[in-house]
Structures are given as C-alpha cells and as structure tokens.
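Hydrogens, waters and symmetry mates play no part in the numbers below; they use all other heavy atoms, side chains included. Remember, predicted model here, so these are calculated numbers, not experimental data.
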Amino acid sequence: MAAKKAIETFSKSLVEDVHKWGCFKQTGVSLRYMMEFGSKPSDKNLLISAQFLHKELAIRIARRAIELENLPCGLSYKPAILKVRDWYWDSFRDIRSFSEIKNMNDEKEFTEVIKAIKVRHNNVVPTMALGVQQLKKDLNPKIYNEDIVEIHQFLDRFYMSRIGIRMLIGQHVELHNPNPNPHVVGYIDTRMSPVEVARNASDDARAICCREYGSAPDVHIYGDPDFSFPYVPAHLHLMVFELVKNSLRAVEERYMNSDKVSPPIRIIVADGLEDVTIKISDEGGGIPRSGLRKIFTYLYSTARNPFNEHTDLGVGDNVTMAGYGFGLPISRLYARYFGGDLQIISMEGYGTDAYLHLSRLGDSQEPLP
C-alpha cells in the first residue's frame, strides 16, 4: 500500500492547525530557571507550568510533524518514519483538543494527557533508526553522499527537540511527586554527584558487556565522591553509559583472543569553574582518522545492527553492546542541551579518549531547533 501524505491521512482542519502552530516562536528555558521555578511546586506554579506547556508543546510538536513530511531521499515515506510521523500528529491533536487550563482540575487532566504523550514517544529513537536503516538499504551511493548532510542536520534538530520536549514534560510531571527526595527538583538533582552517576552507569554498561561477551574490563573512577552540582542525573547516566559501553566493547573485542589481561577503562571527573569535565579513556585500539569524522553521523556504526525490519520495537528497549549507531550523536546532543559538549580524541593502534563537558553554570538557554 502506497504511503500517504499527512494531508491524505488527517483532516484538513488538523493539517492547517499544525502548519499554523509550526510558525509560532518557541520559548527556551534554562536549567537554572527550571530549578528555581520548580523549587516551590505550589498550585499556582503548577497551573502556570501547565499553561506554558499547553502552548509550547503544541509549537514544538507541530514543527517536528511538518519536518517529518519533507525529508530528503524519500525518507518521509519509509514505514518506520510514517509511524513516528503519526505519533507526532496524534500528540499534537491531543494537546490542541484540550481546552484552556483554568484551574487545578484542568491541570491534573492535562498532566495525564502529556504523560500519555511521553509514553507514546518512548520508542521514537529506535524507530527512527530503523527508518534510516530502511533508507540506507535503498540508497544509491551517489545520492547518499549528497544528502547525508541534510539527513544528519534534520536528525540533530529532531533529537534535540525531542530531548527538550521530554525534559519539559518530565519536569512538570515530577513536580507532582508528593514525596520528592531532598534536594531533587523534578528531574534535576541540585546535589548530583557525577562520580556516583558515573559509577552506576559503568556498572550497568559492564553488566551488558558481561551478558554479551561473558566478561568485562574493570572501570576505575577518579574524582572527589563528595563533589556535587545541579544537573539531570538521567541525562548524565545516559551519556556515560553510552561512552563506557563503547569503550568496553572496543577493549573486549581487542583482547578477546589475547593472553593479556584486558586493561581497565579509566574515568576522571574534574571540577572546573565553568565546566565539570568527565574523561573516559580506553586502550581499545582507537579509531582510524578516516572514521573519526563519521562517528557523530547517524548513518555510521562500527557494530552490527541489532535489529531488522521485523524487530518488535513495542516491547521495552532491548539494550545491546552494539546499539544502532545513534549513541554518540545523541549523547553529544544531551551534553549540548544544557550548554556542554562531547569531544572524541583517538590514537589509532592504542585507544580513545572521550571528553564530556557539562556546564555547571546552568544559565544557558535550551537550543531550539
């Protein structure tokens, strides 16, 4: 069955509404603002937050819904991308069909609506990866080289927007928690220990490595365990997990048939005035210079793909050591979302160093694609 454009799938009034809201200006917020605003989650503040999200989420989701219609090389018509497109259009319709938020009953109902939207979008990343894989299979190499930049830029915008949407929804929902942990404001831990998060993320990555290879190199962490600063632990965990997982796989595969003991992964946490920097070093053989420029693109992975077109993406996220080639570019977006960055430096024949910079000032605005 031929893929249908949105105008053929959805009502004319919905299509017009999406295009209208997609033209409105987005409003970014900073980590510091989220923290200060959420520190006193009174009814008044929750109402203000819900009213802001009622407009802001409609604008952000509309922009992505429109973009999903106009991708190069026929990417918009791949079955997996059509599925994601429908999720975005359905979510836009859910938000717009909700009337004005005037009181706390409205706020509670709206909070349930956006919770459901967040769940609906849980599998966006692997589903988009599957769509890109479907495209790669069909692409003429000449077209591939011309359009790879445009596809990469779209995916950067798309995923950065997704990080923001999920942060805003998650922050609002968490402010309803009647018994929050001390010093936690929504998704933000005002006294997050990067050493502790790095330890937990490393343990998770080692568990997956053991499951896949039967063993895992040690991970040594250096830094002050008592040092803390305000950040989103879930974001840091995702980034460190991804980087350590890559290092473990590189070391494990390099030393798999060797009599030598696998060298440890080293994590160093440095506390600067502007940035907290986390360096993750391995001796996994490094990346050749020709491959280094590709590692932040979405159409490149050194590992076998863990799923095919028949993979069921509806049940959880089956994490594998290989991933689907999106781990590094998405980790860099998470770092940049709050004003940080991710750099990879490699010595072919020896190993790789990843530098994860996290802004500790917390006053940079969300990047709004």
Side-chain angles (χ1 to χ4, degrees), residues 1-28 49-103 105-132 134-135 138 147 150-151 153-166 168-169 172 309 313-314 366 368-369:
M1 191 171 74
K4 289 186 177 181
K5 288 185 80 73
I7 193 122
E8 301 169 274
T9 309
F10 302 102
S11 69
K12 185 176 178 228
S13 61
L14 180 65
V15 172
E16 287 173 354
D17 209 25
V18 164
H19 282 269
K20 179 179 125 183
W21 280 80
C23 294
F24 293 156
K25 187 174 181 291
Q26 302 171 98
T27 304
S49 174
Q51 289 165 343
F52 168 71
L53 292 182
H54 190 217
K55 291 181 180 174
E56 186 62 23
L57 291 176
I59 295 168
R60 295 192 189 195
I61 289 170
R63 285 179 169 231
R64 302 289 76 85
I66 293 164
E67 261 203 313
L68 283 162
E69 283 280 285
N70 301 294
L71 303 179
C73 307
L75 182 56
S76 292
Y77 299 107
K78 296 303 172 193
I81 305 299
L82 287 168
K83 185 186 282 190
V84 173
R85 178 202 73 180
D86 288 354
W87 290 339
Y88 272 77
W89 283 75
D90 289 344
S91 296
F92 177 83
R93 181 167 49 198
D94 289 350
I95 288 171
R96 291 290 295 135
S97 61
F98 199 93
S99 57
E100 279 187 88
I101 301 164
K102 298 175 183 170
N103 54 48
N105 282 337
D106 293 345
E107 189 277 332
K108 283 185 176 62
E109 281 182 45
F110 179 71
T111 299
E112 291 306 311
V113 168
I114 61 176
K115 267 166 87 172
I117 286 172
K118 189 165 180 279
V119 171
R120 175 187 287 146
H121 290 243
N122 276 350
N123 273 319
V124 161
V125 175
T127 309
M128 288 295 288
L130 185 54
V132 170
Q134 289 164 349
L135 178 72
D138 300 342
D147 287 310
E150 195 178 338
I151 291 170
Q153 287 171 346
F154 156 71
L155 288 168
D156 259 356
R157 288 193 302 274
F158 182 82
Y159 286 123
M160 184 64 90
S161 173
R162 180 176 187 267
I163 291 167
I165 288 168
R166 293 180 80 77
L168 291 180
I169 294 176
H172 180 81
E309 290 192 43
L313 296 173
E366 290 178 279
L368 295 173

>> Using ring centroids (six-membered ring only for Trp), state whether F24 and W21 fall under 6.0 Å.
In response: yes

> Where do W89 and L14 come nearest, in terms of heavy atoms and distance?
Replying inline: CE3-CD2, 3.9 Å

> Do the non-hydrogen side-chain atoms of F158 and L68 ever get within less than 4.5 Å of each other?
Replying inline: yes

>> Please report the interatomic distance CD1(I114) to CD(E109), rounded to the nearest 0.5 Å.
In response: 13.0 Å

> Just how far is it from atom CZ of R166 to atom NZ of K118, taken to the nearest 0.5 Å?
Replying inline: 4.5 Å

> Do the non-hydrogen side-chain atoms of R162 and I165 ever get within less than 4.5 Å of each other?
Replying inline: no

>> On a heavy-atom basis, which atom in N123 and which in T127 lie closest, and how many Å separate them?
In response: O-OG1, 2.6 Å

> Are E16 and K12 close enough, and set up right, to give a salt bridge (charged side-chain N to carboxylate O under 4.0 Å, His left out), and what steps lead you there?
Replying inline: CA-CA 6 Å; E16 287 173 354; K12 185 176 178 228; 3.5 Å; yes

> Which atom names give the shortest non-hydrogen contact between G28 and R60, and what distance separates them?
Replying inline: CA-NH2, 4.1 Å

>> Under a 3.5 Å distance rule, please check whether E56 uses its side chain to pair with a backbone N or O of T27 as donor and acceptor.
In response: yes

> Under a 4.5 Å cut-off applied to non-hydrogen side-chain atoms, are K55 and I101 in contact?
Replying inline: no

>> Does any part of the side chain of I117, heavy atoms only, come nearer than 4.5 Å to the side chain of F92, both counted from C-beta?
In response: no

> Looking only at heavy atoms, what is the nearest atom pair of S91 and R120, with distance?
Replying inline: OG-NH1, 2.8 Å

> Among all residues two or more places apart in sequence or in another chain, which pass the side-chain contact (heavy atoms from CB on, under 4.5 Å) test with R63?
Replying inline: Q26, I59

>> Under 4.0 Å between a side-chain nitrogen and a carboxylate oxygen: does that hold for K83 and D86?
In response: no

> Which pair of heavy atoms, one from F98 and one from V113, lies closest together, and at what distance?
Replying inline: CD1-CG2, 4.0 Å

> Given side chains that start at C-beta, do those of K115 and E112 come closer than 4.5 Å, heavy atoms only?
Replying inline: yes

>> Nearest 0.5 Å, please: how far is CD1 in I61 from CH2 in W87?
In response: 13.5 Å

>> The criterion is side-chain contact (heavy atoms from CB on, under 4.5 Å); which residues satisfy it with K25, sequence neighbours excluded?
In response: none

>> What's the separation between atom CG in L75 and atom CD1 in I81, rounded to the nearest 0.5 Å?
In response: 4.5 Å

> So how far is it from S13 OG to R93 CZ, rounded to the nearest 0.5 Å?
Replying inline: 9.5 Å

>> Before you tell me yes or no, could you show the steps for L71 and K78 under side-chain contact (heavy atoms from CB on, under 4.5 Å), namely the whole-Å CA-CA distance, both residues' side-chain angles and the distance that decides it to 0.1 Å?
In response: CA-CA 10 Å; L71 303 179; K78 296 303 172 193; over 6 Å; no

>> Any non-hydrogen side-chain atom of I95 less than 4.5 Å from a side-chain atom of H54?
In response: yes

> Are the side chains of H19 and I66 in touch, meaning some heavy atoms are under 4.5 Å apart?
Replying inline: yes

> Nearest 0.5 Å, what's the CD1-SG distance between I151 and C73?
Replying inline: 4.5 Å

>> Run the side-chain contact (heavy atoms from CB on, under 4.5 Å) test against K108 and tell me which residues pass, sequence neighbours left out.
In response: M104

> What is the minimum heavy-atom distance between G131 and A80, and which atoms define it?
Replying inline: N-CB, 3.5 Å

> Would a 4.5 Å heavy-atom cut-off, applied to side chains only, mark Y88 and H121 as touching?
Replying inline: yes

